[in-house]
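Report on the following structure.
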Amino acid sequence: MQRLTDLELFVRIADHGSVSAAARALELTPAAASAALKRLERELDTVLFVRSTRTLRLTTEGEIFLDHCRQALALLADGRDALITGRSVIRGLLQISAPSDLGRNVLAGWLDEFLERYPQVQIRLSLSDRVADVYRQPIDIALRYGPPADSSLIALPLAADNRRILCAAPDYLARYGTPQKPADLARHNCLCYWLGEDIHDRWRLTRDGHEDVQRVTGNRVADDGEMVSRWARAGRGIAFKSALDVADDLLSGRLIHLLPDWQGDPAPLNLVCADRRQLNPAVRALHQWLAERCASRLDALRNAGFI
């Protein structure tokens, strides 16, 4: 059918026994209602009403079609009600992409707690440092560091003030010394991150408005953020990591914050999706859940004087 309102109009005409009364009920003009009825009969190739100057009654075919129309409209109304109800219930499958280090060592625990709080939610988690394509891959939402490269994406902030931190294990510093200024990084084994064609070996630090960019080198490069963290904890070199990733290591003393007077690059964490209509109750609840825990994690670092 061309229009759902044509079916609704047909049922109203049958109930009221009048085209003009049905038109008033649906806030249509009598002419528009008559045209809609004719359109419906033309599509069905069937006469639905026997008309005279004084009366309007259903044909046999019209009575048969009326029963089906009532059932169809009732089912559609039930469907609309289910959608409205579903929009207020936190449930359903969430397909999430997240960076490897954050996903394995931080996000996994937060998701366990989230599922305990919302047992009608299911999680399908994909961990990779490669940027997920939320348009082509079976991904509902992605957690990404940095501003979205595609301005058409919807990005909800999780940790807008997150930054990268220079850090190394006490064992490494005991053997090779602690850098006192950015230029000292040239004499150290720096653990670099590799994504696609690019090796992230230009480390940017700022202090009092002054920017210092160091081109670093080292004997280890990985395309997995968790591997860089493991190397750092094992005393293999200096890492330039997201504060969210290494918060537990810094607070426990497994890693030491280097050059604390200098700030590392901003590394804002966002929850990204392709369409605002994907922000259903489960996604919004997860966003709030993660944002609160990111804030708590960064507050712990601030209180300890790391950022």
Side-chain angles (χ1 to χ4, degrees), residues 85-132 134 137-146 148 153-165 167 224-230 232-233 241-255 266-307:
T85 301
R87 289 185 189 122
S88 63
V89 176
I90 297 173
R91 66 184 178 192
L93 174 66
L94 292 179
Q95 300 181 107
I96 306 169
S97 170
S100 64
D101 199 351
L102 182 75
R104 290 187 177 90
N105 300 307
V106 182
L107 181 64
W110 292 349
L111 290 179
D112 287 342
E113 297 169 356
F114 183 78
L115 291 176
E116 288 179 10
R117 174 65 179 83
Y118 301 106
Q120 294 188 67
V121 174
Q122 300 90 45
I123 297 293
R124 183 176 295 165
L125 182 62
S126 172
L127 298 180
S128 173
D129 287 327
R130 294 186 179 276
V131 177
V134 296
Q137 294 177 244
I139 298 294
D140 297 319
I141 55 175
L143 272 58
R144 292 183 181 172
Y145 283 119
L153 292 173
I154 306 302
L156 303 182
L158 292 172
D161 53 350
N162 183 55
R163 288 183 173 273
R164 300 197 180 280
I165 284 183
C167 54
D224 183 284
E226 186 190 17
M227 192 68 248
V228 173
S229 293
R230 288 188 181 187
R233 287 192 295 270
K241 291 286 299 180
S242 157
L244 286 171
D245 290 354
V246 294
D248 290 339
D249 294 321
L250 292 169
L251 293 169
S252 67
R254 290 189 294 267
L255 292 176
L269 181 65
N270 295 298
L271 183 152
V272 175
C273 65
D275 192 307
R276 192 166 293 278
R277 288 171 294 184
Q278 293 176 281
L279 301 178
N280 57 47
V283 171
R284 291 187 182 278
L286 180 62
H287 171 253
Q288 181 178 353
W289 188 272
L290 297 181
E292 290 172 353
R293 280 148 185 79
C294 286
S296 177
R297 194 169 180 84
L298 293 178
D299 283 345
L301 291 176
R302 286 190 194 90
N303 293 337
F306 288 110
I307 57 177

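Everything numeric here is computed off the predicted structure, so don't read it as measured data.
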Atom pair [atom1]/[atom2] of [X] and [Y] - distance to nearest 0.5 Å:
X	Y	atom1	atom2	value
Leu271	Arg144	CG	CZ	10.5 Å
Arg130	Asp224	CZ	CG	11.0 Å
Ile307	Arg164	CD1	CZ	14.0 Å
Leu156	Leu290	CG	CG	11.0 Å
Leu153	Asp275	CG	CG	10.5 Å
Ser126	Leu143	OG	CG	11.5 Å

Which heavy atom of [X] sits nearest to which heavy atom of [Y], and what is that distance?
X	Y	answer
Arg276	Ile154	N-CG1, 3.7 Å
Asn162	Ala243	OD1-CB, 3.4 Å
Leu127	Gly103	CD2-CA, 3.6 Å
Ile90	Ala282	CG2-CA, 3.9 Å
Ser242	Tyr145	OG-OH, 3.0 Å
Leu244	Cys294	CD2-O, 4.0 Å

Q | Test log, rule side chain to side chain contact (heavy atoms under 4.5 Å, CB included), inputs His287 and Leu158 | A | CA-CA 7 Å; His287 171 253; Leu158 292 172; 3.5 Å; yes
Q | Single hit among Asp245, Asp161, Asp248 for salt bridge (charged side-chain N to carboxylate O under 4.0 Å, His left out) with Arg297 | A |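 Passing option: Asp248.
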Q) Hey, mind stepping through Tyr118 and Leu286 against side chain to side chain contact (heavy atoms under 4.5 Å, CB included) and telling me if it holds? A) CA-CA 10 Å; Tyr118 301 106; Leu286 180 62; over 6 Å; no
Q) Side chains of Arg233 and Asp249: does their closest heavy-atom pair fall under 4.5 Å? A)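 SC-SC contact between Arg233 and Asp249 confirmed.
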Q.
Any heavy-atom pair between the side chains of Leu255 and Ile165 that's under 4.5 Å?
A.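 No, side chains not in contact.
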**Q.** Reference residue Ile123; test side-chain contact (heavy atoms from CB on, under 4.5 Å); the match among Asp112, Leu93, Leu115
**A.**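 Among Asp112, Leu93, Leu115, the one that satisfies the side-chain contact (heavy atoms from CB on, under 4.5 Å) with Ile123 is Leu115.
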Q | Lys241/Asp101 ion pair, N-O < 4.0 Å | A |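 Salt bridge: yes.
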Q. Salt-bridged, Glu226 to Arg230, with N to O below 4.0 Å?
A.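 A salt bridge links Glu226 with Arg230.
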(Q) We want to know whether Arg254 and Ser252 form a side-chain donor-acceptor pair, criterion being a heavy-atom distance below 3.5 angstrom. (A)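 Yes, a side-chain donor-acceptor pair sits under 3.5 Å.
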Q: Please indicate whether Arg302 has more than 12 foreign heavy atoms, meaning atoms of other residues, nucleotides or ligands, lying under 6.0 Å from its CZ.
A: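 Yes, the 6.0 Å shell around CZ holds more than 12 heavy atoms from other groups.
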Q. Should Leu279 and Ile141 be marked as a side chain to side chain contact (heavy atoms under 4.5 Å, CB included) after you check the CA-CA gap, both sets of side-chain angles, and the distance that decides it?
A. CA-CA 9 Å; Leu279 301 178; Ile141 55 175; 5.7 Å; no
Sub-3.5 Å donor-acceptor pair from the side chain of [X] to the main-chain atoms of [Y], do we have one?
X	Y	value
Arg117	Glu113	no
Asp140	Ile96	no
Asp129	Pro99	no

